[in-house]
Amino acid sequence: MSQSTIPRAAVRGTASGVIFMAFFGTLWANIGIRGLQGWGFLWLLILSLLIGAILLIGGIVLIMNSKSLSNEMVQGDSQRWKRKNMWFGIIFGLEGVLIVIAARICVSTNHLELFVPVMALIVGAHFFPLAHLFKVKIYYITGSLLCLISAITLVTLPIKITWGNHQIMLWWTSVGFISALILWGTGVAVWITGHRLLNKARNGSKEA
């Protein structure tokens, strides 16, 4: 395998996936923390930021290490990457629009408690076209798990529970923390894939 078989763009694509998972995983964790309504706020916030930062650094290091790779692509690859980036923007934009619509509907109907599980469904669904677009099989698992946890939460769990004298928004907490773990786990898996691509490219360069 030659170095040009795995261009810099391929490794940086996985690194971008890691960074996205770090950022959005931390956002979901903060939704879970908000659902606890003050309980354990500081320590959980520090922990979520630490996990997100570790993943973020991993993605950045992957990008930095990819600088040694060739930026050459076989004929047609450049256009394919442009189309992929275009479709990624469309999918990501559509996800944002649907989340905004869901938020407005939940607010206008006085059912804000539904927003977090519904958002998890939307986020989970958007991973399916991404999995097909970027040929990343783990995104199918990620999307399925996010949709599953949303559905299970809506069907089986109470909206709120009282722990002692403290009230917890159980829907927000369960979906928030579990979604964070799913996205962080996906980030680790994508980082491992990117690291393998980087090693293959370097080994191919040495053999050439």
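Just so it is clear, the values below take in all heavy atoms, side chains as well, and ignore hydrogens, waters and symmetry mates.
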| task | Look only at the side chain of His126 and the backbone of Leu94, and say whether a donor-acceptor pair between them is shorter than 3.5 Å. | result |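 No: the side chain of His126 does not pair with the backbone of Leu94.
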
| Taking Ser66 for the side chain and Ile63 for the main chain, is one N or O donor matched with an acceptor at less than 3.5 Å? |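 Side chain of Ser66 to backbone of Ile63, a donor-acceptor pair under 3.5 Å: yes, one is there.
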
For [X], look at atom [atom1] and say whether over 12 heavy atoms of other residues, nucleotides or ligands are found less than 6.0 Å away.
| X | atom1 | result |
| --- | --- | --- |
| Lys160 | NZ | no |
| Met86 | CE | yes |
| Phe41 | CZ | no |
| His132 | NE2 | no |

Using the rule that two of Ile, Leu, Val, Met, Phe, Trp, Tyr join whenever any of their side-chain heavy atoms come within less than 4.5 Å, decide whether [X] and [Y] are in one cluster.
| X | Y | answer |
| --- | --- | --- |
| Ile33 | Leu47 | yes |
| Ile152 | Ile31 | no |
| Phe92 | Phe23 | yes |
| Leu121 | Leu183 | no |
| Ile141 | Val123 | yes |

| request: I would like to know whether Trp184 and Thr26 meet side-chain contact (heavy atoms from CB on, under 4.5 Å); could you show each step before the answer? | output: CA-CA 8 Å; Trp184 285 333; Thr26 304; 3.7 Å; yes

| task | Run the numbers on Ile178 and Trp28 for side-chain contact (heavy atoms from CB on, under 4.5 Å), then give the verdict. | result | CA-CA 8 Å; Ile178 296 175; Trp28 277 104; over 6 Å; no

Once you round to the nearest 0.5 Å, how far does [atom1] of [X] lie from [atom2] of [Y]?
| X | Y | atom1 | atom2 | answer |
| --- | --- | --- | --- | --- |
| Ile101 | Cys106 | CD1 | SG | 12.0 Å |
| Leu170 | Glu113 | CG | CD | 12.5 Å |
| Ile19 | Leu62 | CD1 | CG | 8.5 Å |
| Phe177 | Asn30 | CZ | CG | 8.5 Å |
| Met21 | Ile138 | CE | CD1 | 8.5 Å |
| Phe127 | Ile182 | CZ | CD1 | 9.5 Å |

Minimum-distance pair of heavy atoms, taken over all atoms of [X] and [Y]:
| X | Y | value |
| --- | --- | --- |
| Gly124 | Leu146 | CA-CB, 3.7 Å |
| Ile91 | Pro129 | CD1-CB, 3.7 Å |
| Tyr139 | Ala131 | CB-CB, 3.5 Å |
| Ala180 | Gly25 | CB-O, 3.2 Å |
| Leu55 | Gly187 | CD2-C, 3.9 Å |
| Ser150 | Ala120 | CB-CB, 4.0 Å |

Can you find a heavy atom in the side chain of [X] that is under 4.5 Å from one in the side chain of [Y]?
| X | Y | value |
| --- | --- | --- |
| Ile99 | Phe115 | yes |
| Ser174 | Leu157 | yes |
| Leu114 | Trp171 | yes |
| Ser179 | Val175 | yes |
| Ile122 | Glu95 | yes |

| task | Fit a plane to each ring of Tyr140 and Phe128, take the angle between them on a 0 to 90° scale, and name the class: parallel (under 30°), tilted (30 to 60°) or perpendicular (over 60°). | result |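 Rings of Tyr140 and Phe128: tilted, 30 to 60°.
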
| said: Holding to ring pair (Phe, Tyr, Trp, His ring centres under 6.0 Å), I want the full list of residues that pass it with Trp191, two or more places apart in sequence or in another chain. | reply: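 Checked Trp191 against ring pair (Phe, Tyr, Trp, His ring centres under 6.0 Å); matches are His195.
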
| After noting the C-alpha distance and the side-chain angles of Phe88 and Ser16, does the key distance pass the side-chain contact (heavy atoms from CB on, under 4.5 Å) rule? | CA-CA 12 Å; Phe88 171 76; Ser16 297; over 6 Å; no

| Could you walk me through whether Thr14 and Thr193 pass the side chain to side chain donor-acceptor pair (under 3.5 Å) check? | CA-CA 7 Å; Thr14 60; Thr193 299; over 6 Å; no

| task | Dump the intermediate steps for side-chain contact (heavy atoms from CB on, under 4.5 Å) on Trp87 and Ile90, then the final yes or no. | result | CA-CA 5 Å; Trp87 278 109; Ile90 292 172; 3.9 Å; yes

